[in-house]
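Single-structure report; data block below.
None of these values were measured; they are calculated from a predicted model. Heavy atoms only: backbone and side chains are in, while hydrogens, waters and symmetry mates are out.
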Amino acid sequence: MNDQIYPPLVDLTRGELVESVHYGSVVISDPLGNILFHYGDPHRVVYLRSTAKPLQVLALLEHGGTEKYGFVLEEIAIMCGSHSGTDRHVKILQKMLVKIGVQESNLLCGTRPPLDKKTDLQLRCEGKHPSPIRHECSGKHSGMLALSKMLHEPLDNYLNPNHAAQQLILRTCAEMLGTSVAKLILGTDGCSAPVFAVQMQNAAQAYALLCDPQDLPDKRASACRQVTQAMIKHPFMVAGPHHFDTALIETASGKLIAKVGAEGYFGIGILPDSICDGSPALGITIKISDGDIKGRAHPVAAMAILKHLGLLTPEEIEKLSQFDTRPIKNWRQLNIGEIRAADAFIQTLECSSIL
């Protein structure tokens with residue numbers, strides 16, 4: 001397979017020429033950490049960014065957070081997600097804060113306009129300013145506050161990497177990633193929470209484990225199942241309208257979970273028996289090297305992989321056509337090219353026996 005760190009992954013054409021290229025890497029792993037496919041360097045160390053959220057919430061869940069606070073699946077899903085800041089998301093978060101016994105002012109994620117353009121416009125028209133609860137990471141931060149309260153630790157510095165809650169989160173994530181906390185490369189995320197970088201193969205394995213935790217300790221396995229069940233049953237809470245991860249989870253109807261991260265990271269976890277009877281759980285990680293700021297490349301790469309695996313039916317592929325290979329239109333809506341998976345990537349997939 002192609003071992004180039006970032007080989008061509010997604011092409012944009014104009015006429016007969018490839019005009020632009022998104023370079024990137026892909027890794028597919030099983031729960032044991034066996035690399036079943038890679039395109040680019042599987043050992044590339046990359047920050048997971050928000051793709052880590054379904055892992056970061058595990059510490060809270062396995063230590064009894066669901067029972068203590070009476071969290072329902074919809075609330076667990078939003079802790080795993082990067083929500084769009086709609087009124088529907090805010091309603092769920094407000095209920096969560098009451099259950100936890102904290103205020104919106106305790107959220108240290110910062111303030112930014114909602115990701116949902118319709119909601120952002122509505123707030124502007126009403127002369128309202130967005131508050132921290134509209135921030136896409138406020139669900140994760142609510143979970144971190146809940147864990148801090150469970151540990152009887154201070155709330156004013158819950159984002160400090162040395163805080164007991166963050167240390168517990170890091171230990172839990174490191175174990176899921178098959179590494180040690182000492183080997184995690186720490187940074188600060190856009191929401192000010194600690195974020196870590198690991199090899200792409202480790203993150204792929206962790207997503208596979210989320211989907212098949214049968215060999216994990218009982219409490220952790222239960223927490224993993226809560227995560228996958230919540231994301232599958234409430235994909236809107238994972239992101240929101242017009243977002244690929246929400247659309248993919250919703251369309252795949254119980255076969256997978258998916259989570260986007262900033263700077264072109266994307267994770268997919270496929271549940272056992274989803275491809276065919278007896279097929280294993282799989283974890284997939286995708287990294288677009290240029291950061292994929294417009295979010296146009298990682299869905300195309302993901303769709304190419306899922307179609308190759310035979311996971312999606314023709315009807316499901318059609319429902320996701322806006323994220324797949326598609327025409328590029330100019331301002332007069334004329335087809336002037338297309339966005340598609342790069343030929344080298346498709347050829348590598350076609351020459352691979354993943355299962």
When rounded to the nearest 0.5 angstrom, what distance separates [atom1] in [X] from [atom2] in [Y]?
X	Y	atom1	atom2	value
Cys137	Leu108	SG	CG	12.5 Å
Glu175	Leu55	CD	CG	12.0 Å
Ser222	Leu58	OG	CG	10.5 Å
Ile28	Ile270	CD1	CD1	7.0 Å

Considering all heavy atoms of both residues, which atom of [X] and which atom of [Y] are nearest to each other, and what is their separation?
X	Y	result
Ile257	Cys211	CG1-SG, 4.1 Å
Thr111	His135	N-CD2, 4.4 Å
Ala193	Met144	CB-CE, 4.2 Å

- Task: Using the test side chain to side chain donor-acceptor pair (under 3.5 Å), find all partners of Asp290 that sit at least two apart in sequence or belong to another chain.
- Result: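 Side chain to side chain donor-acceptor pair (under 3.5 Å) list for Asp290, sorted by chain: His22.
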
Problem set entry | Candidates Val260, Ile78, Ile249 - the one meeting side-chain contact (heavy atoms from CB on, under 4.5 Å) with Val238 |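 Only one option passes, and that is Ile249.
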
Whether [Y] and [X] form a salt bridge (side-chain N of Lys/Arg under 4.0 Å from carboxylate O of Asp/Glu) is what I want to check.
X	Y	value
Lys307	Asp324	yes
Arg14	Glu19	yes
Glu316	Lys255	yes
Lys233	Glu74	no
Lys287	Glu263	no
Arg124	Asp120	yes

Please check if any side-chain donor atom of [X] sits under 3.5 Å from a side-chain acceptor atom of [Y], or the reverse.
X	Y	answer
His43	Gln199	yes
Thr66	Gln226	yes
Lys118	Thr86	no

* Parallel under 30°, tilted from 30 to 60°, perpendicular over 60°: which one fits the rings of Phe345 and Tyr39? ->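 Tilted.
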
